[in-house]
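A, B, ... follow the sequence lines: proteins, then strands. Residue 1 opens every chain.
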Amino acid sequence: MKISKEDIHKIEDYLWEIPKTFRPNMRVPARVLASESLLDAIMEDRSLVQLVNVASLPGIQGASLVMPDVHEGYGFPIGGVAATLYPDGAISPGGIGYDINCGVRLLTSNQKIEEIRNNLDALSKELYIQIPSGMGKGGHIKLSVQEMEEVLLKGAEWAVEKGYGVKEDLAFMESKGRLENADATLVSDMAKKRGADQLGTIGSGNHFVEVDYVEEIYDETTAKAYGLFKGQVVVLIHTGSRGLGHQVATDYIRQIIKAMPNYGIEVPDRELACVPFNSEEGQNYFKAMCAAANYAWCNREVISWEARTAWRNIFGSTVEPLKLMYDVAHNIAKVETHVIDGVQTDVIVHRKGATRAFGPGFEELPDSYKAAGQPVIIPGSMGTCSYVLAGTARSKELTFGSCCHGAGRRLSRTAAKKQVNAPVLKEKLKERGIFVEAGSFKGIAEEAPIAYKDVNMVVETVSDSGIAKKVAKLRPVAVIKG
DNA sequence: ATGTAC
């Protein structure tokens with residue numbers, strides 16, 4: 001299948017549509033949220049073909065959607081949102097991704113960048129020591145079988161109970177860091193084994209821990225509500241459910257591919273394998289996915305504890321400890337209510353490389369954030385900048401309450417490795433005042449800024465289209481990678 | 001993304 005510019009119609013500024021008539025198997029239109037230049041970039045890989053494929057999922061509602069940071073992924077594009085009818089529409093592991101509940105959180109300090117410039121080298125080294133990173137890497141905690149069950153059921157709460165977390169953090173996490181539908185018995189022994197020593201570790205690839213400062217404030221009122229101010233030092237953490245989530249995805253993709261014919265489901269790409277949400281296989285996957293999501297929230301909580309330890313070791317205990325601003329998932333499926341064609345409808349929202357972005361008044365938000373809306377955290381590529389935005393009511397109308405999740409990959413990992421000289425890049429970043437601590441040059445090359453789209457353009461698109469509102473821009477000064 | 005494939 002080929003998709004050309006003529007197949008794509010402009011609906012309004014930043015919104016493009018491939019009509020349902022484009023392919024006989026499409027159940028809904030396919031929509032792209034992008035500026036014209038970002039749309040051109042999207043045409044270069046298989047993102048749009050995958051977007052059109054997703055439009056054929058059983059029970060899909062409204063439209064198959066992608067955000068401006070989209071790029072191709074396993075079956076579904078990364079940067080995609082697909083809502084299927086609850087309870088008998090499809091659930092598809094490919095629509096969530098292998099790294100279940102990959103997500104980001106932002107911690108805030110009360111220090112200003114000028115105060116800590118001279119500590120940055122030592123701070124980045126200390127963070128690197130405290131926070132284990134790298135492929136297959138284990139951490140300080142070894143979970144017993146019993147403890148693993150608890151982590152899978154309790155999520156971030158487990159870390160708080162064991163002294164690896166802060167109780168006040170829980171209110172500042174999407175779903176309070178715990179999905180109630182988790183069932184630990186549906187997570188395989190292999191997955192549990194892989195996850196037993198990986199709590200508190202970031203892994204590799206695009207995962208990182210980064211120290212930034214607030215370079216610019218766009219919305220004073222919202223920034224104040226979120227506890228952000230100009231010049232403030234903050235910590236950004238990006239990671240997910242590590243080997244455990246990966247194994248859950250592997251286990252259930254295999255099962256679901258096998259079970260699919262029993263439900264008479266045909267999909268244009270085997271990687272879109274799915275079953276009805278309310279089928280036995282669908283429920284088993286969903287409950288295991290929730291358990292893996294809980295592991296990821298617990299992981300980010302433990303990593304925050306490690307970052308807090310590093311902070312204390314460098315700055316002493318008189319400095320205010322790091323505070324959690326917010327934690328968002330960007331690889332997850334959730335049952336939510338949305339208005340579709342004027343009717344309140346329960347749907348299973350698959351977000352893969354897409355962040356929830358609910359607007360003001362959302363009941364789950366802590367009181368201090370209710371008027372502002374849900375924080376949306378958009379990490380840029382290594383050495384560029386990141387953004388804090390706020391969700392809007394418009395996101396509910398346009399994108400099932402979703403927003404982009406990052407800059408979006410432009411080059412494949414292999415292409416990036418060919419083009420980038422990692423030691424030179426590391427030196428260049430240092431000249432620009434960014435300390436990079438990484439376990440491998442391979443990781444640095446794969447994550448080079450050149451491998452990503454321009455995060456500024458992506459953020460302009462989501463803000464101009466109205467699905468999120470710009471609050472603050474963050475500038476990195478230290479990056480810890482696998 | 002991931003003990004870098006079935």
inquiry  = Using a heavy-atom cut-off of 4.0 Å across all strands, would you classify A:G243 as base, sugar-phosphate, or nothing?
reply    = sugar-phosphate
key: Contact list for residues 125-139 of chain A, test salt bridge (charged side-chain N to carboxylate O under 4.0 Å, His left out), sequence neighbours left out   = A:D121-A:K125, A:K125-A:E437
ask   = Counting any heavy atom closer than 4.0 Å, what does A:G97 reach on the DNA or RNA strands: base, sugar-phosphate only, or nothing?
value = nothing
ask   = Pick one: which of A:Q374, A:E336, A:H330 meets side chain to side chain donor-acceptor pair (under 3.5 Å) with A:R356?
value = A:Q374
inquiry  = For a quick test of reading the model: is some side-chain N or O of A:T250 closer than 4.0 Å to OP1 or OP2 of B:dT2?
reply    = no
request  = By nearest nucleotide on DNA chain B, pick out whichever of A:R254 and A:R409 is the more 5' one.
outcome  = A:R409
query = Across the strands shown, which category fits A:E446 at heavy-atom distances under 4.0 angstrom: base, sugar-phosphate, nothing?
reply = nothing
Between B:dT2 (P) and A:K137 (NZ): distance, integer Å = 13 Å
task = Starting at atom CE of A:M135, determine the distance to atom P of B:dT4, rounded to an integer number of angstrom.
result = 6 Å
Integer-rounded Å distance: B:dT2 P and A:R242 CZ = 5 Å
ask   = What residues, two or more places apart in sequence or in another chain, satisfy salt bridge (charged side-chain N to carboxylate O under 4.0 Å, His left out) together with A:K426?
value = none
ask   = What is the distance, rounded to the nearest whole Å, between atom CD of A:Q247 and atom P of B:dT4?
value = 11 Å
inquiry  = What is the distance, to the nearest angstrom, from the CE atom on A:M190 to the P atom on B:dT2?
reply    = 17 Å
key: For atom CD1 of A:I100 and atom P of B:dT2, their distance in whole Å   = 12 Å
key: Between P of B:dT2 and CD of A:Q198, the distance in whole Å   = 8 Å
query = In whole Å, what is the span from the NZ atom of A:K193 to the C1' atom of B:dT2?
reply = 16 Å
query = Mind checking whether A:Y369 and A:Y326 have parallel, tilted or perpendicular rings, split at 30° and 60°?
reply = tilted
